[in-house]
Visitor: 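If you scroll down you'll find the structure; I have some questions about it.
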Amino acid sequence: MEKKERNIERALPSAEAVKAEIKREKIKQLYKKLLKSTVYALIVVTAIAVLIATLILPVVQITGTSMEPGLCEGDIVVLVKSKHMQRGDLCAFYYSNKVLIKRVIGLPGDYIEMDAQGNIFVNGEVLEEPYLTQKAFGECDIEFPYQVPESQYFVLGDQRETSIDSRSTVIGCVPYDQMVGKLILKVWPFKDISLIG
């Protein structure tokens, strides 16, 4: 009997061992709870970021060279969703299942003219364009003076020699409903982060 009691005593853990085990279990439960809440928080933050990026502030990567030197191929920009632009704004719009970036030159109802040297006239006044490195007439199959239709914008690339834009009937003026938004921020490359406008 005495031997049996000793074996039972050896089999029973000490009070310190029981306390240590309870502490380990509490820590394990706390860790699981913390991990679960962290995962939920990350899911919520990701969902909110996706909604914001889709509905309010879309992010677009620049392809092509029509907006150089201000925007180069591979740059990443943030837009603010809007269909209402001002002259000089950089805008993104849908064209043939792609998003194109151009500069708004003419608003609905404006009369646009362009001379052989590439000078732009809006409603009879020359348009100052400090963002251009070189003016050019480029590809053009419309007749000037050209009146911008209602609910549309006349847009041009900053590289006028090679840009395909509203001067071509292939693209033409951009209707409101094709507008994605106005460029507001360049975020990549990091060394060139800057506000646009």
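If you're wondering where the values come from, they're calculated on a predicted model, not measured in any experiment.
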Visitor: Can you give me the closest heavy-atom contact between Met67 and Leu156, atom names plus distance?
Guide: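 Nearest pair, atom of Met67 first, then Leu156: SD-O, 4.4 Å.
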
Visitor: According to a 4.5 Å side-chain heavy-atom criterion applied to Ile, Leu, Val, Met, Phe, Trp and Tyr, with indirect links allowed, do Val148 and Ile120 form part of one hydrophobic cluster?
Guide: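 Yes, it is one cluster - the side chains of Val148 and Ile120 are joined through contacts under 4.5 Å.
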
Visitor: In terms of hydrophobic clusters joined by side-chain contacts under 4.5 Å, are Leu185 and Val80 together?
Guide: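 Shared cluster, yes.
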
Visitor: Rounded at 0.5 Å granularity, tell me how far CD1 in Ile196 sits from CG in Leu183.
Guide: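 The distance works out to 4.5 Å.
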
Visitor: Please find the pair of heavy atoms, one from Met179 and one from Cys91, that lie closest to each other, and give the distance.
Guide: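 Residues Met179 and Cys91, closest heavy atoms: CE-SG, 3.7 Å.
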
Visitor: For side chain to side chain contact (heavy atoms under 4.5 Å, CB included), just list the numbers for Val104 and Phe93, CA-CA rounded to whole Å, side-chain angles, deciding distance to a tenth of an Å, and then say yes or no.
Guide: CA-CA 11 Å; Val104 175; Phe93 59 94; over 6 Å; no

Visitor: Report the distance from atom CD of Glu68 to atom CG of Asp75, rounding to the nearest 0.5 Å.
Guide: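 Going from the CD atom of Glu68 to the CG atom of Asp75 covers 9.0 Å.
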
Visitor: Please examine the side chains of Leu30 and Lys26, heavy atoms only from C-beta on, and report whether any two atoms are closer than 4.5 Å.
Guide: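 A side-chain contact under 4.5 Å is absent here.
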
Visitor: Under a 4.5 Å side-chain heavy-atom rule over Ile, Leu, Val, Met, Phe, Trp and Tyr, are Val187 and Ile184 clustered together?
Guide: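 Hydrophobic grouping puts Val187 with Ile184.
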
Visitor: Using the side chain to side chain donor-acceptor pair (under 3.5 Å) rule, pick out the option among Lys135, Arg160, Arg103 that qualifies with Glu129.
Guide: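 One option only clears the test, and that one is Arg160.
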
Visitor: Indicate the atoms forming the closest heavy-atom contact of Lys186 with Leu71, along with that distance.
Guide: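 Of all heavy-atom pairs spanning Lys186 and Leu71, the closest is CD-CD2, 4.2 Å.
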
Visitor: If you round to the nearest 0.5 Å, how far is CD of Glu25 from NZ of Lys28?
Guide: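 Nearest 0.5 Å value for the NZ-CD distance: 4.5 Å.
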
Visitor: If you compare all heavy atoms of Ser166 against all heavy atoms of Cys173, which two are closest, and at what distance to 0.1 Å?
Guide: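 Distance-wise, the nearest heavy atoms are OG-CA, 3.7 Å.
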
Visitor: Does atom CD of Gln147 have more than 12 heavy-atom neighbours, drawn from other residues, nucleotides or ligands, at distances under 6.0 Å?
Guide: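 More than 12 heavy atoms, drawn from other residues, nucleotides or ligands, come within 6.0 Å of this atom.
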
Visitor: Count the heavy atoms belonging to other residues, nucleotides or ligands that lie under 6.0 Å from OH of Tyr94, then report whether that count exceeds 12.
Guide: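 Check fails, neighbour count at 12 or below.
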
Visitor: Calculate, to the nearest 0.5 Å, the distance between atoms CD1 and CD1 belonging to Ile101 and Ile62 respectively.
Guide: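 These two atoms lie 4.5 Å from each other.
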
Visitor: Before you tell me yes or no, could you show the steps for Ile76 and Gln61 under side chain to side chain contact (heavy atoms under 4.5 Å, CB included), namely the whole-Å CA-CA distance, both residues' side-chain angles and the distance that decides it to 0.1 Å?
Guide: CA-CA 4 Å; Ile76 297 176; Gln61 184 171 22; 4.1 Å; yes

Visitor: Specify the closest pair of heavy atoms between Met85 and Ser82, including all atoms of both residues, with the distance to one decimal.
Guide: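 That would be CE-O, 3.3 Å.
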
Visitor: Can you check whether Leu107's main-chain N or O pairs, donor with acceptor, with Asp110's side chain at less than 3.5 Å?
Guide: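 At least one qualifying donor-acceptor pair exists.
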
Visitor: Between the side chain of Thr38 and the main-chain N/O of Leu34, is any donor-acceptor distance below 3.5 Å?
Guide: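 Yes; at least one donor-acceptor contact below 3.5 Å.
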
Visitor: Backbone N or O of Phe121 within a donor-acceptor pair of the Glu113 side chain at under 3.5 Å?
Guide: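 Checking the backbone N and O of Phe121 against the side chain of Glu113, no donor-acceptor pair under 3.5 Å is found.
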
Visitor: Minimum heavy-atom separation for Val99 and Ala92, please, with both atom names.
Guide: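 Smallest heavy-atom distance, with atoms named: CG1-CB, 3.7 Å.
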
Visitor: Any salt bridge between Asp165 and Lys102, counting N to O under 4.0 Å?
Guide: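 Between Lys102 and Asp165 there is no salt bridge, as every charged N stays at least 4.0 Å from the carboxylate O atoms.
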
Visitor: Is the CD atom of Glu161 crowded by more than 12 outside heavy atoms at less than 6.0 Å?
Guide: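 Count not over threshold, so no.
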
Visitor: Just checking Tyr111: does its OH atom have more than 12 heavy atoms from other residues, nucleotides or ligands closer to it than 6.0 angstrom?
Guide: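 No, OH of Tyr111 has 12 or fewer neighbouring heavy atoms, counting only those of other groups under 6.0 Å.
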
Visitor: Quick one, Phe137 with Met114, criterion side chain to side chain contact (heavy atoms under 4.5 Å, CB included). Give me CA distance, side-chain angles, the key distance, then yes/no.
Guide: CA-CA 7 Å; Phe137 190 77; Met114 190 172 191; 4.0 Å; yes

Visitor: Salt bridge or not between Arg24 and Glu21? Use side-chain N to carboxylate O under 4.0 Å.
Guide: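 Counted as a salt bridge, because a side-chain N and a carboxylate O are separated by less than 4.0 Å.
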
Visitor: Say you draw a straight line from CD of Glu139 to CD1 of Ile171; how long is it, rounded to the nearest 0.5 Å?
Guide: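 So the gap between those two atoms works out to 11.5 Å.
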
Visitor: Dump the intermediate steps for ring pair (Phe, Tyr, Trp, His ring centres under 6.0 Å) on Tyr176 and Tyr153, then the final yes or no.
Guide: CA-CA 8 Å; Tyr176 285 172; Tyr153 296 106; 5.3 Å; yes

Visitor: Is there a side chain to side chain contact (heavy atoms under 4.5 Å, CB included) between Leu100 and Val155? Walk through the geometry before answering.
Guide: CA-CA 11 Å; Leu100 299 182; Val155 297; over 6 Å; no

Visitor: Distance check, rounded to the nearest 0.5 Å: Asn97 atom CG versus Tyr95 atom OH?
Guide: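 Between Asn97 CG and Tyr95 OH, I get 11.0 Å after rounding to 0.5 Å.
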
Visitor: What orientation do Phe154 and Phe144 show, parallel under 30°, tilted 30 to 60°, or perpendicular over 60°?
Guide: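 If you compare the ring of Phe154 with that of Phe144, the planes turn out perpendicular.
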
